[in-house]
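These notes are about the structure you will find just below.
Side chains included, hydrogens not; waters and symmetry mates left out as well; all remaining heavy atoms used. Treat the numbers as computed from the prediction; the structure is a model and nothing was measured.
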Amino acid sequence: MESTALFRPLPFPSSFLLHRSVPIRPPSSAIFPTNRSSLNLLRRRCPSLPPCLLFNRNAQQKPLLSLIRASSSPPHPPSPPSPRPSGAKPLPLAISVAIGLAIRFLIPKPVEVTPQAWQLLAIFFSTIAGLVLSPLPVGAWAFICLTVSVITRTVSFSAAFGAFTNEVIWLIVISFFFARGFVKTGLGDRIATYFVKWLGRSTLGLSYGLTVSEALISPAMPSTTARAGGVFLPIIKSLSLSSGSRPGEKSSKKLGSFLVMSQFQSAGNSSALFLTAAAQNLLCLKLAEELGVKIVSPWVTWFKAASLPAIAGLIITPYLLYKIYPPETKDTPGASALAAKKLEQMGPVTRNEWVMVATMLLAVSLWIFGESLGVASVVAAMLGLSILLLVGVLDWDDCLSEQSAWDTLAWFAVLVGMAGQLTNLGIVSWMSNCVAKSLQCFSLSWPVAFGVLQGSYFLIHYLFASQTGHVGALYSAFLAMHLAAGVPGVLAALALAYNTNLFGALTHYSSGQAAVYYGAGYIDLPDLFRLGFLTALINCLTWAVVGCFWWKILGLY
């Protein structure tokens with residue numbers, strides 16, 4: 001550093017100075033004599049003196065620039081950070097494998113169950129344990145379990161991969177691409193901004209505006225995570241920051257905490273309102289069909305049954321949170337002006353936005369009336385995606401980069417395939433008969449059994465980090481228990497599916513949108529657990545009271 005300081009006054013250091021060879025001398029060489037006789041005398045009197053302190057005329061000559069660079073570099077460069085460990089996490093892996101081995105070799109096989117079915121059940125439970133404990137990413141773990149089922153000849157290769165051609169799974173995959181189109185074109189952002197402009201004069205009105213806008217775009221944007229991260233959280237953060245409400249600070253309570261919590265807790269009702277509003281809804285009806293519960297005109301039937309309780313939930317949830325988790329800022333007159341300014345910056349509706357609107361209207365129309373026209377839901381989705389690709393709203397790179405869609409295809413297909421094989425091998429019917437006998441011992445009527453099973457299905461979600469994972473693991477088994485207890489099939493199938501949406505806001509890990517909203521930094525974890533349980537309880541009671549009344553009118557029981 002001293003050498004570089006000496007040369008700083010020179011605006012153009014000469015090449016001669018920088019590259020001239022100079023001898024390397026020890027720091028104290030100036031005080032030592034340099035003639036040969038003096039050096040010999042010094043060696044005799046100080047034999048322990050290190051030879052490096054004695055100047056050697058034959059020392060290597062080095063350019064001055066090399067010395068400058070050497071002096072400016074740290075003597076011990078910091079070691080590079082150690083790479084992150086790769087592969088499976090040892091403890092979760094050991095537990096997941098141990099669960100499967102214990103079921104296979106330690107628990108006696110029931111007489112009614114074949115060895116093949118029992119072995120598949122062990123692999124299935126090991127798969128579910130891995131989904132909960134996450135020794136590997138979900139898709140990787142599902143693929144490994146599928147490989148084990150083929151290697152052990154529990155299922156054939158064709159049976160193992162048969163679910164990859166499942167129509168519902170491909171409908172879910174295409175729905176991710178539709179959600180990307182909404183985000184890429186800015187259409188979802190524009191719709192939500194309009195509602196902020198119309199209803200945003202107060203904090204409560206702002207919350208209702210965001211909630212209603214999500215409910216309206218949800219049937220054409222079937223990804224709760226995409227709606228949260230791509231549309232609503234950016235709007236909420238913009239509004240909050242403009243009012244001085246910052247994440248991770250005391251000011252977060254001014255506006256941001258309430259808006260994030262309200263949107264998060266209301267999303268379950270929006271997802272439950274329409275069949276195509278969430279990926280897990282489609283999977284639920286597919287699994288129900290495999291158990292013999294066939295729902296005629298599924299899109300219309302779903303909406304009719306969900307309409308009244310879901311709308312009640314959408315009305316109650318923001319007001320409830322406004323009372324028990326009130327924001328410090330009650331009036332937001334600047335929100336409407338901010339939204340109007342943003343719309344002005346957006347300019348007129350673009351060509352791609354109009355194409356997106358027309359395509360989604362076509363897709364939703366075919367989802368509603370497709371059964372009478374002979375057009376399957378997945379074919380309607382394929383048609384919509386083809387239009388978006390042809391017109392250029394989406395390109396193929398957009399589809400390839402949607403990693404969550406391909407990951408969902410992999411592990412959804414594995415779970416659906418295993419669940420189907422468990423049904424074919426008689427495991428599901430055996431489990432449902434066991435539960436039915438247990439319920440008969442307590443002399444429970446089907447309404448009471450319905451409440452007990454629904455409550456159990458709800459609370460178990462504390463162990464899951466994914467709604468779709470929960471469905472793949474437990475939906476078929478719980479539906480079979482409902483049927484064995486005498487619950488009407490369509491009622492049981494729909495109620496479990498609606499329930500799946502309502503527990504998506506229990507914790508910060510309970511769903512994809514949970515991670516998005518919690519990651520914004522506006523919500524404290526204790527508040528999330530407390531309000532998540534309380535709001536979910538109120539929503540369940542709302543659906544139970546309003547739903548039972550409405551479903552009786554519709555003739556579901």
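- Residues Trp141 and Thr127 bring no donor and acceptor atom of their side chains to less than 3.5 Å of each other.
- No side-chain donor-acceptor contact under 3.5 Å links Ser218 to the backbone of Ala277.
- Looking at Asp398, its side chain never comes within 3.5 Å of a backbone N or O of Phe177 through a donor-acceptor pair.
- In summary, the side chains of Gln403 and Ser401 do not present any donor paired with an acceptor at a separation below 3.5 Å, with no hydrogens or angles considered.
- Within 6.0 Å of atom NZ in Lys330, more than 12 heavy atoms from other residues, nucleotides or ligands are found, so the atom counts as buried in its surroundings.
- Thr507 places a side-chain N or O within donor-acceptor distance of the main-chain N or O of Ser510, the cut-off being under 3.5 Å.
- Not a single donor-acceptor pair under 3.5 Å links the side chain of Thr359 to the backbone N or O of Gly384.
- Using modelled atom types and a 3.5 Å distance limit, the side chains of Ser271 and Asn281 yield no donor-acceptor pair.
- Counting only distance, with no hydrogens or angles, the side chain of Asp331 and the backbone of Pro333 share no donor-acceptor pair below 3.5 Å.
- The shortest side-chain heavy-atom distance between Lys184 and Val393 does not fall under the 4.5 Å cut-off.
- More than 12 non-hydrogen atoms from other residues, nucleotides or ligands lie less than 6.0 angstrom from CZ of Arg190.
- Annotation: salt bridge (charged side-chain N to carboxylate O under 4.0 Å, His left out) contacts of Lys89 (sequence neighbours excluded): none.
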Arg530 and Asp524: CA distance, side-chain angles, deciding distance, salt bridge (Lys or Arg N to Asp or Glu O under 4.0 Å) verdict:
CA-CA 10 Å; Arg530 175 176 59 87; Asp524 296 328; over 6 Å; no

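- A distance-only check finds no donor-acceptor pair linking the side chain of Thr211 to the backbone of Ser266 [under 3.5 Å].
- No more than 12 heavy-atom neighbours from other residues, nucleotides or ligands sit within 6.0 angstrom of CZ on Phe143.
- Side-chain polar atoms of Ser245 and Ser240 form no donor-acceptor pair below 3.5 angstrom.
- Counted within 6.0 Å of CZ on Phe529, heavy atoms from surrounding residues, nucleotides or ligands total more than 12; the atom is thus considered enclosed.
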Could you go step by step and tell me if Phe258 and Tyr325 meet the ring-ring contact (aromatic ring centres under 6.0 Å, His included) rule?
CA-CA 7 Å; Phe258 167 73; Tyr325 192 61; 7.5 Å; no

Test side-chain contact (heavy atoms from CB on, under 4.5 Å) on Met221 and Phe178; report intermediate values, then the result.
CA-CA 6 Å; Met221 194 176 184; Phe178 286 160; over 6 Å; no

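- At a cut-off of 3.5 Å, with distance as the only test, no side-chain donor of Glu249 or Ser252 sits close to an acceptor on the other residue.
- Classification of the Phe195-Trp198 ring pair by plane angle, with boundaries at 30° and 60°, yields perpendicular.
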Evaluation steps, side-chain contact (heavy atoms from CB on, under 4.5 Å), between Lys237 and Phe232:
CA-CA 9 Å; Lys237 290 180 69 174; Phe232 292 99; over 6 Å; no

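- In this structure, the ring-ring contact (aromatic ring centres under 6.0 Å, His included) partners of His470, at least two apart in sequence or on a different chain, are Tyr457, His461, Phe464, Phe503.
- Two residues are said to be in side-chain contact when any heavy atoms from C-beta on lie closer than 4.5 Å; Thr317 and Asn539 meet this criterion.
- With 3.5 Å as the limit, one finds no donor-acceptor pair spanning the side chains of Asn499 and Trp543.
- Side chains of Val416 and Glu290 form a contact here, defined as non-hydrogen atoms less than 4.5 Å apart.
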Show your reasoning for whether side-chain hydrogen bond (donor to acceptor under 3.5 Å, both in side chains) applies to Gln454 and Ser456.
CA-CA 5 Å; Gln454 290 286 333; Ser456 302; over 6 Å; no

Tell me which donor-acceptor pairs under 3.5 Å the side chains of residues 546-554 have, and how far apart each pair is, sequence neighbours excluded?
unit_1: Trp550; atom_1: NE1; unit_2: Lys304; atom_2: O; d: 2.6
unit_1: Trp551; atom_1: NE1; unit_2: Ala305; atom_2: O; d: 2.8

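- Summarising the local packing, OH of Tyr557 is surrounded by more than 12 heavy atoms from other residues, nucleotides or ligands at distances under 6.0 Å.
- For the pair Trp406 (side chain) and Cys399 (backbone), a donor-acceptor distance under 3.5 Å is present.
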Show your working on side-chain contact (heavy atoms from CB on, under 4.5 Å) between Leu491 and Trp446 and close with a plain yes or no.
CA-CA 12 Å; Leu491 173 64; Trp446 76 256; 3.9 Å; yes

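- Side-chain atoms of Lys254 do not come within 3.5 Å of backbone N or O of Pro327 as any donor-acceptor pair.
- Distance check, rounded to the nearest 0.5 Å: SG of Cys284 to CG of Leu479 gives 9.5 Å.
- In this model, no donor atom of one side chain and acceptor atom of the other lie less than 3.5 Å apart for Gln467 and Asn501.
- Although no hydrogens or angles enter the test, the distance criterion places no donor-acceptor pair under 3.5 Å between the side chain of Tyr522 and the main chain of Leu259.
- Of the candidates Trp299, Trp367, Trp302, Thr276 forms a side-chain hydrogen bond (donor to acceptor under 3.5 Å, both in side chains) with just one, namely Trp299.
- Other residues, nucleotides and ligands place no more than 12 heavy atoms under 6.0 Å from the CZ atom of Phe533.
- Salt bridge annotation for Glu328-Lys253: absent, with no cationic side-chain nitrogen under 4.0 angstrom from a carboxylate oxygen.
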